[in-house]
**Student:** 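Structure in structure tokens, see below.
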Amino acid sequence: MLTKGKEYDVIIIGGGATGAGTARDCALRGLSVLLVERYDFTAGATGRNHGLLHSGARYAVTDRESATECIKENMILRRVARHCVEETGGLFITLPEDDLGYQKLFVESCEAAGIRAEVIDPELARRLEPSVNPTLTGAVKVPDGAIDPFRLTTANVVDATMHGADVLTYHEVTGLIRNGDRIQGVCLTDVRTGARSEARGRLVINAGGIWGAGIAAKAGVTVNMFPAKGSLLIFGHRINNLVINRCRKPANADILVPGDTICLIGTTSDRVPYDQIDHMTVTPEEVDILMSEGAKLAPSLAHTRILRAYAGVRPLVTSDDDPSGRSISRGIVCLDHATRDGLEGFITITGGKLMTYRLMAEWATDLAMRKLGESDPGCVTADKPLPGSEPAEVKKEKKRLKGWNRRKSHVIELSTEQLAAEGRHGTMSRKIDTRDAASEALVCECEQVSVGEVNYAIDELHVHNLLNLRRRTRLGMGTCQGQLCACRGAGLLAKAGACADAALADLGWFINERWKGMSPVAWGETIKEVQLMSWLYEGVGGLTEGRRQKMDAMADKGEQDAEPAAKTEEKE
Amino acid sequence: MKFDTIIIGGGLSGMTAGITLARAGQRVAVFSTGQSALQFSSGSMELLGQLDGQNVERPTEAYDSLPAGHPYRRIGKAKWLDLLGRVQPMLSEAGINTIGDSSRNRWRLTPLGKLKPAWLTLDDFATFTSPGKLPWRSVALVNITDFIDFYPQFLAPTLERRGVKCRQESVTIPRLEKLRQSSTEMRAPTVARLLDDDAIRQIAGRLNVIARDVDALIMPAVVGLRDDHQLTLLRRLIVKPVYFVTTMSASVPGIRIQMQLDAYFKKLGGTLFPGDTIVRAEMCGDRIQAVYSVNHGDEPLEAENYVLASGSFFGNGLVALTDRIVEPVFGLDVDAPGARAEWYKPDLYDAQPFMSYGVRSDDSFRPSASGKTILNLYAVGSILGGCNPIKEGCGAGVAMLTAMAAADRILE
């Protein structure tokens with residue numbers, strides 16, 4: 001919510017990991033904060049990547065600076081975001097078609113960047129990771145892992161609000177309030193209702209990712225961005241436990257990352273026109289490349305069901321003309337537009353990677369503190385765990401669990417859905433109502449999401465629609481892609497106060513959005529699922545009629561217009 | 001094993017063919033892999049619900065507007081009209097009582113509170129003669145306590161907009177309370193399994209209290225998994241009419257229809273092989289000599305005629321590979337483009353091309369392989385293609401009428 005008439009210390013634009021992280025850091029250092037996001041948290045590149053907890057090894061040879069940043073942040077996130085991280089470890093494998101000589105350069109570069117890289121025997125690699133291509137000729141073990149960007153961003157938002165930040169989703173910055181050579185706030189449009197408003201702040205921080213170029217333009221300054229599209233495929237099973245990379249110069253489809261119950265192959269890298277960044281689609285050619293290259297890392301991918309395809313746009317900052325964008329540094333760019341462009345009250349934080357979001361937030365907040373002339377208590381985000389990742393207090397835990405399962409005195413362990421919720425929300429999961437059967441009823445069977453968890457997300461995690469709910473809880477991300485749970489979710493949203501027509505329009509759109517990620521891979525089991533999904537929602541439920549009705553203001557009209565970028569979709 | 005006719009697929013289409021042939025005295029076997037679209041039935045069967053995006057009021061009058069390749073057109077109008085009259089009696093012989101007729105669609109209340117045209121509907125489901133006027137002044141929407149697959153929140157606005165006062169209630173009984181303790185068990189078929197005569201009597205008391213000051217009760221379809229015994233009992237015990245709305249997950253009325261068709265088929269002397277899949281055929285010239293199944297291995301399953309009622313993609317009748325669509329049992333010719341980008345449209349609610357794909361067949365619905373018609377094989381139901389069951393609301397009609405047409409050919 002926006003506090004009317006308040007002048008914030010900082011207004012942060014962008015609800016990705018960087019914006020959320022910056023909001024948290026600023027709030028922790030005592031600033032009054034407004035975080036604004038055009039659609040939903042993680043709607044941009046944050047939610048459309050590999051979910052890879054980079055060791056930095058991938059950049060060790062080509063981009064030392066990024067590699068060093070990655071490994072440092074990797075170690076920090078393991079501590080402060082443990083409920084978002086899975087410490088899997090990773091392999092860099094050499095295949096017969098690759099030059100084994102590269103391995104030496106790779107290992108030396110890793111060591112120089114501070115990344116532990118251990119050459120292991122191919123036989124050992126096959127034993128550590130049975131899914132790996134058995135013809136590999138070399139393997140290096142590195143501290144890669146998996147990270148859930150949805151949980152990570154949510155936890156940052158939760159902590160920011162706990163420290164007084166105001167948060168507005170579905171509000172687009174349509175202009176900046178400029179007074180001479182000073183930015184004094186933002187003009188906002190509610191994308192659902194079209195209502196306009198203003199928010200004033202002493203400093204505006206542009207953390208809009210690739211969209212940051214457009215935001216800068218609205219302030220009258222230029223940030224040259226290189227929109228590099230990356231496509232990925234999500235598989236319905238988790239075939240690998242270690243991250244598998246190719247030990248060669250970064251190229252297409254050479255990283256296979258496990259995450260929760262699935263695994264992800266990616267990416268491609270192609271420059272796209274800036275005016276197309278809201279309309280990413282995954283082409284059949286990209287799907288074919290991802291499949292064929294992916295099967296080289298792990299042959300069983302060739303007959304593993306693909307759940308969906310999606311694409312994100314990397315916010316690379318550039319001046320040169322590299323067609324793929326692979327050679328551009330993934331380094332952080334923090335611009336003070338006062339010194340750069342003579343425009344006061346406006347800074348841009350961009351470049352970087354999901355891995356370095358915390359460091360980006362730190363840099364941006366350091367600069368903000370200096371510019372605002374506040375006394376800086378210093379950054380604590382490298383040590384202070386995110387909500388959900390606090391160390392468990394064993395005694396309290398035991399007591400809580402006892403209470404939790406009082407109803408089921410015969411049950412000693414947590415139920416599957418309780419475990420799943422704990423995995424998703426860490427220690428925050430204790431806020432989920434598990435007191436009675438009604439709250440424990442399962443809404444999403446694939447991902448074990450209970451009524452209690454859905455209601456917790458609706459109450460506390462800025463959920464207005466099914467898409468928000470999916471990103472907060474994983475509802476609809478499993479093998480059935482929302483077929484059985486989407487209508488249950490819509491039912492719960494309607495129960496929680498959404499008007500029935502809006503909830504149904506949202507349901508119709510949510511199903512369509514699921515389809516957009518499924519259509520590029522619609523063969524085999526996926527086309528069967530789609531046929532059933534159409535049958536259920538349009539045939540049995542009659543949703544076509546809902547789609548034809550004019551959507552009312554609550555139904556996220558804005559999102560329908562713009563998130564068909566979700567023809568692509570996101571990491572799940 | 002030898003039969004007069006072997007039917008591949010035990011859904012609505014396969015069972016209709018089986019019943020028609022068995023009733024005429026044939027020795028018939030049905031091989032059914034498992035689930036069919038019936039498991040997700042709405043409780044209604046559709047003949048023709050929409051044409052060019054418009055709701056169809058009178059299906060028989062709309063016949064001439066159908067495109068030439070539509071299975072109905074290929075049956076021929078006179079034959080089609082003749083078959084229409086045979087459906088309801090066949091269903092009722094199987095114990096499936098429906099209301100509706102083919103000259104005028106009724107309107108079905110969907111689980112999401114929409115109104116859709118319907119042809120034949122189980123007689124205890126909520127349907128209306130017009131989408132604007134409903135026969136009640138007040139209803140109670142009665143859910144089973146904490147059953148999350150029934151949405152009074154979506155049904156009420158639709159009814160209220162049409163002047164019906166809605167009250168939301170819920171009922172439970174001890175055995176449902178016990179079921180509720182397990183987070184995954186509260187699903188329609190499980191509830192239906194628990195609602196035996198005793199349970200129905202317990203619930204009826206509570207329902208009668210609710211029913212006092214309303215015209216009717218509307219409930220989720222969680223009664224009567226096997227037959228309509230409990231339904232009849234419930235209706236006898238409740239002082240007001242009770243209407244059901246199907247659930248979006250596994251459909252109790254669909255399972256019941258399947259069980260009743262299966263039982264009737266067996267009663268007529270048919271042989272049902274549930275859970276068995278026909279995997280390949282042995283040809284002799286233009287004719288099928290025998291087929292082979294997973295469970296019967298190398299034992300040839302022989303018949304004079306064969307009926308392919310294996311469904312579309314969902315039933316595995318068609319299989320989409322990355323670069324083509326195939327019919328897996330006989331390798332039949334399929335009418336579908338090779339480039340998968342042409343199979344679908346970006347908006348799910350557009351008419352999806354893949355929904356109308358099917359095997360190529362002659363006027364008697366005999367499909368071909370490598371351009372040569374197989375003389376003793378008939379394709380029926382959704383594997384025929386040539387129509388979009390979702391956009392046209394014609395799935396059940398195509399399933400039953402093409403099955404009857406093919407069965408008649410076989411009997412000729």
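In what follows, chains are A, B, ... by sequence order, proteins preceding strands, each numbered from 1.
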**Student:** Please state whether the side chain, the backbone, both or neither of B:F40 comes within less than 4.5 Å of a heavy atom of chain A.
**Tutor:**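 The answer is both parts of B:F40.
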**Student:** To the nearest 0.5 Å, how far apart are CH2 in B:W343 and OG in A:S519?
**Tutor:**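 Here the interatomic distance stands at 12.5 Å.
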**Student:** Between B:S42 and A:V540, is there a donor-acceptor pair closer than 3.5 Å when you use the side chain of the first and the backbone of the second?
**Tutor:**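 No, B:S42 side chain to A:V540 backbone: no donor-acceptor pair under 3.5 Å.
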**Student:** Supply the atom-to-atom distance A:I527 CD1 to B:L318 CG, rounded to the nearest 0.5 angstrom.
**Tutor:**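 Rounded to the nearest 0.5 Å, the CD1-CG separation comes out at 9.0 Å.
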**Student:** Above 12 or not: heavy atoms from other molecules or residues under 6.0 Å from CD of B:E57?
**Tutor:**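 Incorrect, the count does not exceed 12.
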**Student:** Who among B:L321, B:T145, B:I148, B:V319 has the most heavy-atom pairs with chain A under 4.5 Å?
**Tutor:**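 Top count of heavy-atom pairs under 4.5 Å with chain A: B:I148.
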**Student:** Taking all non-hydrogen atoms of both residues, which atom of A:C487 and which atom of B:L112 are closest, and how far apart?
**Tutor:**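 Residues A:C487 and B:L112, closest heavy atoms: CB-CD2, 4.4 Å.
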**Student:** For the side-chain contact (heavy atoms from CB on, under 4.5 Å) test, which of A:L543, A:T544, A:V530 pairs with B:L348?
**Tutor:**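 Per the side-chain contact (heavy atoms from CB on, under 4.5 Å) rule, the option paired with B:L348 is A:V530, out of A:L543, A:T544, A:V530.
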**Student:** Quick check on B:M186 against chain A: is it the side chain, the backbone, both or neither that has a heavy atom closer than 4.5 Å?
**Tutor:**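 Neither part; nothing is under 4.5 Å.
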**Student:** What's the spacing between A:M533 CE and B:F314 CZ if we round to 0.5 Å?
**Tutor:**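 A:M533 atom CE to B:F314 atom CZ measures 13.5 Å (nearest 0.5 Å).
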**Student:** Any ion pair linking A:E440 and B:R180 (charged N to carboxylate O, less than 4.0 Å)?
**Tutor:**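 So B:R180 does not pair with A:E440 through a salt bridge.
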**Student:** For each of A:V521, A:V443, A:L484, A:L442, tally heavy-atom pairs with chain B at distances under 4.5 Å, and name the one with the top tally.
**Tutor:**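 Going by pairs under 4.5 Å, I would pick A:L442.
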**Student:** Under 4.5 Å from any heavy atom of chain B, what part of A:M291 do you find: side chain, backbone, both or neither?
**Tutor:**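 The side chain, not the backbone.
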**Student:** Just so I understand: if I count every heavy-atom pair under 4.5 Å between each of A:A522, A:G524, A:S534, A:A494 and chain B, which residue has the most?
**Tutor:**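 Greatest number of close heavy-atom pairs with chain B: A:S534.
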**Student:** Atom CZ of B:F354 and atom CH2 of A:W523: how far apart are they, to the nearest 0.5 Å?
**Tutor:**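 Separation between the atoms: 14.0 Å.
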**Student:** Do the side chain of A:K516 and the main chain of B:P346 share a donor and acceptor less than 3.5 angstrom apart?
**Tutor:**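 Between the backbone of B:P346 and the side chain of A:K516 there is no qualifying donor-acceptor contact (under 3.5 Å).
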**Student:** Near A:R305 CZ, under 6.0 Å, is it more than 12 heavy atoms from other residues, nucleotides or ligands?
**Tutor:**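 It does: A:R305 CZ has more than 12 such atoms within range.
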**Student:** So how far is it from B:T158 OG1 to A:L504 CG, rounded to the nearest 0.5 Å?
**Tutor:**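 It comes to 8.0 Å.
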**Student:** Between B:Y349 and A:W509, is there a donor-acceptor pair closer than 3.5 Å when you use the side chain of the first and the backbone of the second?
**Tutor:**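 No: the side chain of B:Y349 does not pair with the backbone of A:W509.
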**Student:** Would you compute the distance between atom OH of B:Y151 and atom CG of A:L492 and round it to the nearest 0.5 angstrom?
**Tutor:**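 B:Y151 OH to A:L492 CG: 8.0 Å, rounded to 0.5 Å.
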**Student:** In terms of heavy-atom pairs under 4.5 Å, which option from A:R488, A:E529, A:K528 contacts chain B the most?
**Tutor:**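 With the most close heavy-atom pairs to chain B, the winner is A:R488.
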**Student:** Can you tell me which of A:L536, A:T283, A:T526 forms the most heavy-atom pairs within a distance under 4.5 Å of chain B?
**Tutor:**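 Looking at each of A:L536, A:T283, A:T526 in turn, A:L536 comes out on top.
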**Student:** Against chain A, work out which of B:G395, B:S41, B:P111, B:G315 has the most heavy-atom pairs shorter than 4.5 Å and name it.
**Tutor:**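 Answer, by heavy-atom pair count under 4.5 Å with chain A: B:P111.
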**Student:** Among B:A341, B:P157, B:S312, which residue forms the greatest number of heavy-atom pairs with chain A at distances under 4.5 Å?
**Tutor:**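 Looking at each option in turn, the highest pair count goes to B:S312.
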**Student:** So, for A:W515 and B:Y344, is the gap between ring centers shorter than 6.0 Å?
**Tutor:**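 Yes: the rings meet the under 6.0 Å criterion.
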**Student:** In terms of heavy-atom proximity below 4.5 Å to chain A, should B:Q352 be classed as side chain, backbone, both, or neither?
**Tutor:**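 For B:Q352, side-chain heavy atoms alone lie under 4.5 Å from chain A.
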**Student:** Is it the case that A:E445 and B:T184 place a side-chain donor and acceptor less than 3.5 Å from each other?
**Tutor:**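 Checked: A:E445/B:T184 side chains show no N/O donor-acceptor pair below 3.5 Å.
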**Student:** Heavy-atom pairs under 4.5 Å with chain A are the metric here; pick the option from B:I325, B:D146, B:T322 that has the most.
**Tutor:**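 That would be B:T322.
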**Student:** Could you look at B:T246 and say if it's the side chain, the backbone, both or neither that has a heavy atom under 4.5 Å from chain A?
**Tutor:**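 The answer is the side chain of B:T246.
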